[in-house]
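Structure, as structure tokens:
All values below come from the heavy atoms of this structure, side chains included, with hydrogens, waters and symmetry mates left out. Everything numeric here is computed off the predicted structure, so don't read it as measured data. Counting convention: from 1, in listed order, for ligands and their atoms alike.
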Amino acid sequence: MNYRIHSTDIELLRKTGVQEDDIKHCIKVAEKALEIAQRTGAKVDMELIGRGALFHDLGKAKTHEIEHGKIGAEIGEKIGLKKEITDIMEKHIRGGLTEDEAMELGLPIKDYTLKTLEERIVIYADRLVDIIMDGIVDIKGDESQAEKRFVEILKEHQRYGKNEITLKRYLNYHREIQDLMKR
Ligand SMILES: [Fe+2]
């Protein structure tokens, strides 16, 4: 199934108060997530991937702190986004926290780990887009470098790998999704 990002959804981000540079990021993550999903050839819910990615940072309308996942999910629920989408919004922080990590970070204690391929594709795309857009790593105008050098980049830049457990999580998503694409 081919899914295209709806301009009404972009307008919804704007109306909720998300800033233009964050909207740009959200659109780019949605495009990247849909591209990745297509390339895996896996049977996935493209609408969930497109909309989950587009809305993942909705909480940035209120704050850029770590709570933006939780706050985004709350706003999302209010404006009628379905649970699978608000789950992605709530769980995207650090790629899917365990209960222990949530406790350490002062977030509501629960299991935020990613259970579906759709969730993992969105979170992987979010990381790729940061690498592509931040301008910290020189990818020489070639987006595919973010995937090819993913392991090296995450290990080298704490900004992307964060800590040992988060790094491991992202490397696992990378391996899983790249393996699907090789099939
Ligand atoms: Fe975010």
Side-chain angles (χ1 to χ4, degrees), residues 5 9-10 12-37 48-79 81-99 101-137 143 146 150 153-154 157-163 165-174 177:
I5 301 162
D9 280 348
I10 297 171
L12 200 49
L13 285 172
R14 201 166 275 136
K15 258 194 354 218
T16 312
V18 182
Q19 299 298 306
E20 288 305 317
D21 53 342
D22 290 327
I23 292 178
K24 215 172 111 191
H25 166 78
C26 289
I27 295 170
K28 183 81 186 157
V29 174
E31 287 170 351
K32 182 54 83 180
L34 289 167
E35 176 212 313
I36 295 272
L48 174 60
I49 289 175
R51 297 190 86 208
L54 188 72
F55 285 113
H56 82 282
D57 268 342
L58 182 70
K60 288 195 173 166
K62 295 277 177 281
T63 177
H64 281 69
E65 298 300 315
I66 204 155
E67 294 82 15
H68 75 268
K70 173 186 169 315
I71 290 169
E74 286 166 3
I75 303 171
E77 204 189 323
K78 267 189 219 141
I79 62 174
L81 299 180
K82 62 176 182 177
K83 171 108 175 34
E84 287 98 322
I85 296 177
T86 58
D87 273 354
I88 289 178
M89 296 155 73
E90 185 168 39
K91 288 159 73 165
H92 85 274
I93 303 294
R94 300 244 175 127
L97 299 162
T98 61
E99 280 186 314
E101 293 175 272
M103 186 163 66
E104 245 173 72
L105 289 167
L107 289 169
I109 300 163
K110 57 175 159 175
D111 177 14
Y112 298 80
T113 58
L114 308 184
K115 308 290 189 211
T116 68
L117 182 56
E118 283 87 348
E119 291 175 342
R120 294 191 289 274
I121 286 175
V122 172
I123 269 58
Y124 181 48
D126 190 21
R127 195 35 96 237
L128 288 174
V129 167
D130 283 337
I131 294 168
I132 292 164
M133 303 297 276
D134 285 348
I136 289 167
V137 181
E143 288 196 8
F150 191 82
I153 291 169
L154 260 75
H157 297 269
Q158 214 200 0
R159 173 189 181 87
Y160 299 128
K162 305 284 185 195
N163 55 34
I165 184 161
T166 303
L167 172 69
K168 229 178 109 188
R169 213 163 20 229
Y170 280 112
L171 295 185
N172 282 338
Y173 303 150
H174 171 70
I177 294 166

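Using modelled atom types and a 3.5 Å distance limit, the side chains of H64 and D57 yield no donor-acceptor pair.
Distance alone, capped at 3.5 Å, places no donor-acceptor pair between the H157 side chain and the L154 backbone. Not one N or O on the side chain of H174 forms a donor-acceptor pair closer than 3.5 Å with the backbone of L171.
Ion pair E119/K91 flagged as a salt bridge, since at least one NZ, NE, NH1 or NH2 atom sits closer than 4.0 Å to an Asp/Glu carboxylate oxygen.
Nearest to the Fe ion (ligand 1), among the N, O or S atoms that H68 has, is NE2.
Not a single N, O or S atom of H56, from either the backbone or the side chain, sits less than 2.8 Å from the Fe ion (ligand 1). Contact annotation: D57 places an N, O or S atom under 2.8 Å from the Fe ion (ligand 1).
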